[in-house]
Peer 1: 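Here you go, one structure.
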Protein chains: 2
Amino acid sequence: MGASKTEHFTDKQNAIAVMAKALGHPARVAIIEYLLKVDTCICGDIVNELPLAQPTISQHLKELKNVGLIKGSIEGNAICYCVDEKALTVLQKFFTHVTTKMEKKKNNCC
Amino acid sequence: MGASKTEHFTDKQNAIAVMAKALGHPARVAIIEYLLKVDTCICGDIVNELPLAQPTISQHLKELKNVGLIKGSIEGNAICYCVDEKALTVLQKFFTHVTTKMEKKKNNCC
DNA sequence: AAAGTCTATCGTAATATTGCAATATAGTAA
DNA sequence: TTACTATATTGCAATATTACGATAGACTTT
């Protein structure tokens, strides 16, 4: 095989997994962090910032865009990429929920 | 290629990426959720709970364990797996930090 | 000890990911 | 129009992931 059996899991589980997977690469974590750091967010900046070739970065940006973690709009010649609040908020809520649940059952086992 | 160039990124970026990657599969999200839901956490339960074969689940558990998201201790015949608070808290803090940063620069661009 | 239960590992097939050179596309400027 | 700049796509090689049958290892019970 090699393909995940997504049909057996809930929509929420798949949604979390898809977004987590997109962040499962340091370059894509770095892209998100960079987009949050700078005020403007042109792709060219990212190419200069990261130690990867332009096609590789373009590919990473595409993946982040595909799962909705960033959005891009054409800005003249360049393209303006920004983080998408909604998607990242979903992840934030998931992990906050997880840590909250953990505290409730603290030292319950193991 | 096929291997990530982890050496070019910060330790923190790599740490987040490794953990996010581990959660980048719905079965592993389901495993974490299940471990939080039940009080006891024996692997056998998970095999019955998820629509995957036992070797596949064992493999997923191994990956979660490798990145520190869960920990397991031998409990007689079975093995008791539990979520690891520290690792999940790192992720929770990262995403809370991200969403906090997002709100500060709201509507700054795009 | 023998049989049963639970989990891990091996081996393998199918598929996905990563990275980049080369090239294409689209807009800007001369 | 021609050249320039910015980003995307294609094509390919190397590697990683996913899944599971078969089997092994470890502990329990009889």
Side-chain angles (χ1 to χ4, degrees), chain A residues 1-9 13-14 17-31 34-35 40-67 70-82 110, chain B residues 1-9 13-14 17-31 34-35 40-67 70-82 110:
Chain A
M1 298 281 157
S4 302
K5 292 195 158 183
T6 56
E7 69 274 14
H8 293 316
F9 301 97
Q13 284 165 346
N14 282 313
V18 160
M19 287 189 288
K21 190 177 188 175
L23 287 171
H25 191 293
R28 295 195 288 263
V29 173
I31 287 171
Y34 185 67
L35 288 181
T40 56
C41 41
I42 315 293
C43 176
D45 292 353
I46 298 172
V47 173
N48 296 329
E49 189 79 5
L50 298 187
L52 294 169
Q54 179 268 321
T56 307
I57 291 174
S58 183
Q59 195 173 278
H60 284 309
L61 287 167
K62 190 181 178 184
E63 280 185 66
L64 287 170
K65 200 178 172 187
N66 280 343
V67 305
I70 64 173
K71 51 191 172 182
S73 57
I74 296 169
E75 187 92 15
N77 200 2
I79 290 189
C80 174
Y81 277 115
C82 293
C110 293
Chain B
M1 296 280 158
S4 301
K5 291 196 156 181
T6 56
E7 68 275 15
H8 293 315
F9 301 97
Q13 284 164 347
N14 281 314
V18 161
M19 288 189 288
K21 190 178 189 177
L23 288 171
H25 191 293
R28 295 196 287 264
V29 173
I31 287 171
Y34 185 68
L35 288 182
T40 56
C41 42
I42 315 294
C43 176
D45 291 353
I46 300 172
V47 172
N48 295 331
E49 190 79 3
L50 298 187
L52 294 169
Q54 180 268 322
T56 307
I57 291 174
S58 183
Q59 198 173 276
H60 283 309
L61 286 168
K62 190 182 176 183
E63 279 184 67
L64 287 171
K65 200 178 171 188
N66 281 344
V67 305
I70 64 173
K71 51 191 172 182
S73 57
I74 297 168
E75 187 92 15
N77 200 3
I79 290 189
C80 175
Y81 276 115
C82 293
C110 292

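Basis for what follows: all heavy atoms, side chains included, without hydrogens, waters or symmetry-related copies. Here is how names work: the chains are called A, B, and so on, in the same order as the sequence lines, proteins then strands, and each is numbered from 1. If you're wondering where the values come from, they're calculated on a predicted model, not measured in any experiment.
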Peer 1: Show every donor-acceptor pair shorter than 3.5 Å between a side-chain atom in residues 18-30 of chain B and any protein atom, with sequence neighbours excluded, or say none if there are none.
Peer 2:
residue, atom, partner, partner atom, Å
His25(B), ND1, Ala27(B), N, 3.0
His25(B), NE2, Ser4(A), OG, 3.2
Arg28(B), NE, Ala22(B), O, 2.5
Arg28(B), NH1, His60(B), ND1, 2.9
Arg28(B), NH1, Glu63(B), OE1, 3.4
Arg28(B), NH1, Glu63(B), OE2, 3.4

Peer 1: Reckon Thr56(A) has a side-chain N or O less than 4.0 Å from the OP1 or OP2 of dT18(C)?
Peer 2: no

Peer 1: Suppose we screen for side chain to side chain donor-acceptor pair (under 3.5 Å). Which residues come up paired with Gln13(B), at least two apart in sequence or across chains?
Peer 2: Glu33(A), Thr10(B)

Peer 1: How many Å lie between CG on Leu61(A) and C1' on dG19(C), as a whole number?
Peer 2: 15 Å

Peer 1: Is there a side-chain polar atom (N or O) of His60(B) under 4.0 Å from OP1 or OP2 of dA19(D)?
Peer 2: yes

Peer 1: Just by protein heavy atoms under 4.0 Å, how would nucleotides 22-30 of chain C read 5' to 3' in B, S and -?
Peer 2: B----BS--

Peer 1: Take the protein atom CG of Leu64(A) and the nucleotide atom P of dT18(C), then report the distance between them rounded to whole Å.
Peer 2: 10 Å

Peer 1: I want to check one thing: is the phosphate of dA6(D), taken as OP1 and OP2, less than 4.0 Å away from some side-chain N or O of Tyr81(A)?
Peer 2: no

Peer 1: Out of curiosity, Ile57(A) CD1 to Ile46(A) CD1, how far, rounded to the nearest 0.5 Å?
Peer 2: 7.5 Å

Peer 1: Just to be sure I understand the geometry, which residues of residues 18-31 of chain B put a non-hydrogen atom under 4.0 Å away from DNA chain D?
Peer 2: Lys21(B), His25(B), Arg28(B)

Peer 1: Could you check which of dA8(D), dC20(C), dT18(D) has an atom nearest any side-chain atom of Gln59(B)?
Peer 2: dT18(D)

Peer 1: Quick one: Ile57(B) CD1 to dT9(C) C1', roughly how many Å, whole number?
Peer 2: 16 Å

Peer 1: Just to confirm, is there a sub-4.0 Å distance from OP1 or OP2 of dA8(D) to any side-chain nitrogen or oxygen of Ser58(A)?
Peer 2: yes

Peer 1: Can you tell me how far P of dT7(D) sits from CG of Leu50(A), to the nearest Å?
Peer 2: 13 Å

Peer 1: Is any side-chain nitrogen or oxygen of Lys62(B) closer than 4.0 Å to OP1 or OP2 of dT9(C)?
Peer 2: yes

Peer 1: Between CG of Leu35(A) and NZ of Lys71(A), what distance do you get to the nearest 0.5 Å?
Peer 2: 11.5 Å

Peer 1: In whole angstroms, how far is the P atom of dA8(C) from the CG atom of Leu52(B)?
Peer 2: 15 Å

Peer 1: Quick one: does Leu52(A)'s side chain get under 4.5 Å of Phe9(B)'s, heavy atoms only?
Peer 2: yes

Peer 1: Nearest 0.5 Å, what's the CG-CD1 distance between Leu64(B) and Ile70(B)?
Peer 2: 4.5 Å

Peer 1: Output the rounded distance in Å from CG (Asn66(A)) to P (dT17(C)).
Peer 2: 11 Å

Peer 1: List in chain and number order the residues that pass side-chain contact (heavy atoms from CB on, under 4.5 Å) with Lys62(A), two or more places apart in sequence or in another chain; answer none if no residue qualifies.
Peer 2: Asn66(A)

